[in-house]
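Lettering of chains follows the sequences in order, A, B, ..., and the numbering in each one begins at 1. All values derive from a computational prediction rather than experimental measurement.
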Amino acid sequence: MYKSLLQAGARLKPLQQVHGQIITNGLSYSRSLLTKLITLACSAGSIIYAHQIFLTVQNPDSFLFNNLIKSFSKCGYPFDAIVSYQKMRTFGLVQSNFTFTAVIKACADLSALKFGRVVHSHAIVSGFASDSYVQSSLVSFYAKSGDLVVSREVFDTMPERCIVAWNSMISGYEQNGFSKEAIDVFLGMIELGVQPDSTTFVSVLSACSHLGALNLGTWVHEYITGNGFDVNVILGTSLINMYSRCGNVGKAREIFNGMLELNVVTWTAMISGYGMHGYGNQAIQLFYQMKAQGPKPSDVTFVAVLSACAHAGLVDEGRKGFDSMKKSYGFVPRMEHHVCMVDLLGKAGLFDEALQHIQSVPGKPAPAIWTALLGSCKMHKNFDLGVKVAEQLLGVEPDNPAHYVLLSNIYASAGRMDRVEMVREIMINKGLKKQIGYSSVEIDHVTYTFFMGDKSHPETTAIYQYLDELMRKLKQAGYVPEQEPVMFALEEEEGEFALRYHSEKLAIAFGLMNSRDKTTVRIFKNLRMCIDCHSAIKFISIVTDREIIVRDKHRFHHFKQGVCSCRDYW
DNA sequence: CTACTCGGCC
């Protein structure tokens with residue numbers, strides 16, 4: 001009978017047949033047979049069947065419980081894993097490192113910080129908290145639950161760290177938005193001579209994308225190829241993302257062209273890369289190529305396509321794409337698709353059609369949809385609609401500072417300074433703060449960040465001198481600061497002298513000072529660029545004869561010889 | 001019987 005089980009292997013149907021034989025032969029009491037059956041059922045991926053068999057076993061032992069908990073947590077049933085763990089404890093069974101790794105992973109998947117802490121204490125009591133597997137899972141658990149301090153503590157106390165522990169720490173930082181810390185851990189591991197693997201690279205490249213750290217990302221790419229690592233489809237897609245999000249979409253396409261295997265995510269990443277750079281035609285062209293010879297587009301592919309159309313003002317293509325996603329591909333449009341459509345129509349000034357689109361959305365439109373329309377109102381200075389939309393938005397999300405800031409902008413554009421003041425007071429009363437704007441620039445693998453009017457940098461005097469001199473040249477070239485009233489309450493930074501010392505201007509000055517002539521300067525800004533900076537940078541690209549690439553909250557702007565790739569359509 | 005499974009979107 002045991003042989004029959006082995007022959008059946010990890011296949012559900014044959015296992016069920018052997019199970020039937022076990023029952024008819026009256027062998028259901030045999031724990032060894034049922035244990036084997038359960039482990040095989042787990043490997044076959046049928047956790048439900050495995051659980052059914054488990055329930056028929058009298059006095060299940062630790063081994064069986066460990067298997068069940070592991071299978072539950074592996075197959076996406078973390079809650080059942082925890083319930084089984086509790087049951088195991090009430091049975092008074094001995095727990096092991098196997099038990100803890102499995103149940104801690106379940107806690108990680110649920111971000112169940114409280115219960116995970118309890119499990120951690122159980123592990124300490126039973127002496128398994130010093131097991132390297134358990135420690136690695138704890139690093140991952142605390143990181144996924146958002147407690148990076150304890151995650152790091154566990155990591156630091158590990159006597160020896162295997163690659164999984166390093167990866168857990170790096171991806172933990174990265175997924176919580178601590179890209180810089182993720183990179184520091186990575187650099188630390190390289191310094192110690194620890195060999196990274198492809199999981200490490202994916203996390204590190206993602207961190208580079210977020211920071212806009214092109215030099216470091218390129219170094220990682222060279223490390224990958226230089227050390228003979230296989231660039232699989234996931235790693236290749238990470239590289240495409242890194243290059244396009246760091247401003248080098250041409251290099252992203254080179255990677256794309258060189259890849260042996262392309263899946264739907266890869267295609268989507270490349271289309272999205274073109275989109276965020278404003279290269280709508282390339283995005284559309286690639287999309288057609290995908291339809292002809294690539295995998296079936298997913299609904300995310302359509303987000304990328306529609307967003308590319310919106311950025312480039314390709315209204316007809318966008319409408320066509322939206323229709324075909326419904327009719328030819330059978331996707332039900334999600335909030336993201338509606339956001340793209342409203343953005344597309346609104347930016348093109350087609351407000352009636354945008355409103356019609358919103359009305360066609362089943363149920364209550366998500367705030368993001370109204371935000372998209374509001375952005376267009378601001379772009380086209382459509383005050384009446386803008387005020388209506390903003391007020392609507394405040395009804396839905398009364399505590400989101402970004403809405404108040406946008407509303408205040410609209411009032412300011414309309415010259416209603418009394419209302420601007422009113423909005424300001426509401427914000428103060430509610431204790432709402434605007435997001436602080438900052439810009440960063442990478443020089444020799446180090447990222448420097450500047451805030452508006454920042455004077456914290458050691459070279460501050462030189463930077464401000466350089467900037468003043470630069471502004472003088474700009475004015476000679478015909479630059480006129482755009483001192484519209486809207487500037488004074490803009491979403492990013494306060495007006496007044498700030499206009500001259502907006503974070504992006506400081507970052508650009510620092511970038512120009514610290515790079516060779518004719519080279520491209522790349523800047524990252526966390527919020528949207530303002531109109532004045534956009535205009536100033538066009539002039540900077542002329543008087544310094546440099547190409548300047550700025551990534552703002554939504555897209556890339558390539559400034560060259562006084563022209564921006566967005567064609568002022570943003 | 002173990003831990004990390006990572007990439008696409010405003």
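- Panel note: side chain S179(A), backbone L211(A); no donor-acceptor pair is recorded below 3.5 Å.
- Residue contacts for C162(A): at a heavy-atom cut-off of 4.0 Å it reaches a base atom on one of the strands shown.
- Residue-level contact check: T39(A) touches neither bases nor backbone, having no heavy atom under 4.0 Å from any strand.
- Residue contacts shown for V134(A) are absent, as no nucleic acid heavy atom lies under 4.0 Å away.
- Within the 4.0 angstrom heavy-atom criterion, only backbone atoms of the sugar-phosphate kind lie near R245(A); the bases stay farther away.
- Using a 4.0 Å heavy-atom distance criterion, N263(A) is classed as a base contact.
- For OH of Y49(A), the number of neighbouring non-hydrogen atoms (other residues, nucleotides, ligands) closer than 6.0 Å is greater than 12.
- Within a 6.0 Å radius of CZ in F79(A), no more than 12 heavy atoms belonging to other residues, nucleotides or ligands are found.
- Note on T199(A): a base of the nucleic acid sits closer than 4.0 angstrom, heavy atoms only.
- Residue-level contact check: S298(A) touches the bases, meaning some heavy atom is under 4.0 Å from a base atom.
- Here V339(A) lies in heavy-atom contact (under 4.0 Å) with sugar-phosphate atoms only.
- Taking the 5' to 3' direction, DNA chain B first and last meets chain A under 4.0 angstrom from a heavy atom at dC1(B) to dC10(B).
- For CG of L260(A), the number of neighbouring non-hydrogen atoms (other residues, nucleotides, ligands) closer than 6.0 Å is 12 at most.
- As judged by a 4.0 angstrom heavy-atom cut-off over every strand, F63(A) is placed among the base-contacting residues.
- In this structure, K144(A) reaches the sugar-phosphate backbone alone: every heavy-atom distance under 4.0 Å involves primed, P, OP1 or OP2 atoms, never a base.
- For Q95(A), the side chain to side chain donor-acceptor pair (under 3.5 Å) test picks out Y85(A), R89(A), with sequence neighbours left out.
- Residue pairs that meet the side chain to side chain donor-acceptor pair (under 3.5 Å) test with at least one member in residues 133-147 of chain A, sequence neighbours left out, are H120(A)-Y142(A).
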